[in-house]
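A quick write-up on the structure given underneath.
Note that these values count all heavy atoms, side chains included, but never hydrogens, waters or copies made by symmetry. Owing to the predicted nature of the structure, the values given are computational and were not obtained by experimental measurement.
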Amino acid sequence: MAEVATDTLQVWVDQDLCTGDGLCVQYAPEVFEFDVDGLAYVKGPDGELQLAPASRVDVPAHLRLEVIDSAKECPGDCIHVVRGSDGVEVAGPEAEDD
């Protein structure tokens, strides 16, 4: 996973699979937040929830491990962390190493 260390990562949440457990919000509240529907969404750099389906945001460099851990620990397997350069999933339900 050496290439992941320098590549930009993006994250998105599949609300259809979200169970509302909140682990992601605990791991990285700067990136994830619940909406009134009780489901987790990603937040843009301005703190605004990204409500459109499959909305992606860049993962802040200092939160990379927290976001990856949230994807690995998510009970709903609904968090997707992908490399910005090629869209390959590095953590989440479609990641090869997960």
Side-chain angles (χ1 to χ4, degrees):
M1 247 171 58
E3 71 276 2
V4 174
T6 56
D7 204 344
T8 301
L9 296 181
Q10 296 180 321
V11 62
W12 62 280
V13 176
D14 182 345
Q15 282 78 29
D16 290 338
L17 299 176
C18 181
T19 58
D21 284 271
L23 288 177
C24 59
V25 177
Q26 291 175 10
Y27 274 105
E30 291 177 53
V31 177
F32 303 103
E33 186 174 312
F34 285 122
D35 196 19
V36 294
D37 60 7
L39 303 177
Y41 292 82
V42 291
K43 297 192 289 188
D46 57 2
E48 289 293 314
L49 288 185
Q50 305 300 303
L51 298 175
S55 291
R56 293 182 180 189
V57 298
D58 289 339
V59 176
H62 67 285
L63 292 174
R64 293 164 71 91
L65 291 177
E66 289 85 348
V67 170
I68 288 170
D69 284 346
S70 69
K72 290 181 176 181
E73 300 297 325
C74 176
D77 272 340
C78 66
I79 300 171
H80 301 264
V81 182
V82 298
R83 280 196 309 248
S85 61
D86 58 11
V88 170
E89 189 154 317
V90 297
E94 296 170 17
E96 292 181 18
D97 296 351
D98 204 10

Side-chain heavy atoms of Asp58 within contact of Pro45, under 4.5 Å: no

Margin query: Are Leu9 and Ile68 packed together at the side-chain level, in the sense that at least one heavy-atom pair is separated by less than 4.5 angstrom?
Written below: yes

Smallest heavy-atom separation, Gly44 atom then Gln50 atom, equals N-NE2, 3.6 Å

Residue pairs meeting ring-ring contact (aromatic ring centres under 6.0 Å, His included), one or both in residues 52-80, sequence neighbours left out, come to Trp12-His80

Sorted by chain and residue number, the side chain to side chain contact (heavy atoms under 4.5 Å, CB included) partners of Cys24 (sequence neighbours excluded) come out as Phe32, Ala40, Ser70, Ile79

CD (Glu94) and CG (Asp14) are apart, to the nearest 0.5 Å, by 9.0 Å

Query - Heavy-atom side-chain contact between Leu23 and Pro75 under 4.5 Å - result: yes

Val57 backbone acceptor or donor facing Gln10 side chain under 3.5 Å: no

Discussion item. If hydrophobic clusters are built from ILVMFWY residues whose side chains come within less than 4.5 Å, do Val59 and Tyr27 share one?
Written reply: no

I'd like to check Val42 versus Arg56 (side-chain heavy atoms, cut-off strictly below 4.5 Å). Are they in contact? no

Those residues at least two apart in sequence (or on a different chain) that pass side chain to side chain contact (heavy atoms under 4.5 Å, CB included) with Pro29 are none

Residues joined to Leu39 in its hydrophobic cluster, side chain to side chain under 4.5 Å directly or through other members, sorted by chain and number, are Tyr41, Leu49, Leu51

The remaining residues in the hydrophobic cluster of Leu17, counting side-chain heavy-atom contacts under 4.5 Å among Ile, Leu, Val, Met, Phe, Trp and Tyr, are none

Applied to residues 35-52, the salt bridge (charged side-chain N to carboxylate O under 4.0 Å, His left out) test, sequence neighbours excluded, yields Glu33-Lys43

Correct closest heavy-atom pair for Cys18 and Cys78 would be CA-SG, 3.7 Å

With sequence neighbours left out, the residues meeting side-chain hydrogen bond (donor to acceptor under 3.5 Å, both in side chains) with Asp86 are Arg83

In short, Ser85 meets Asp7 closest at the heavy-atom pair OG-OD2, 2.5 Å

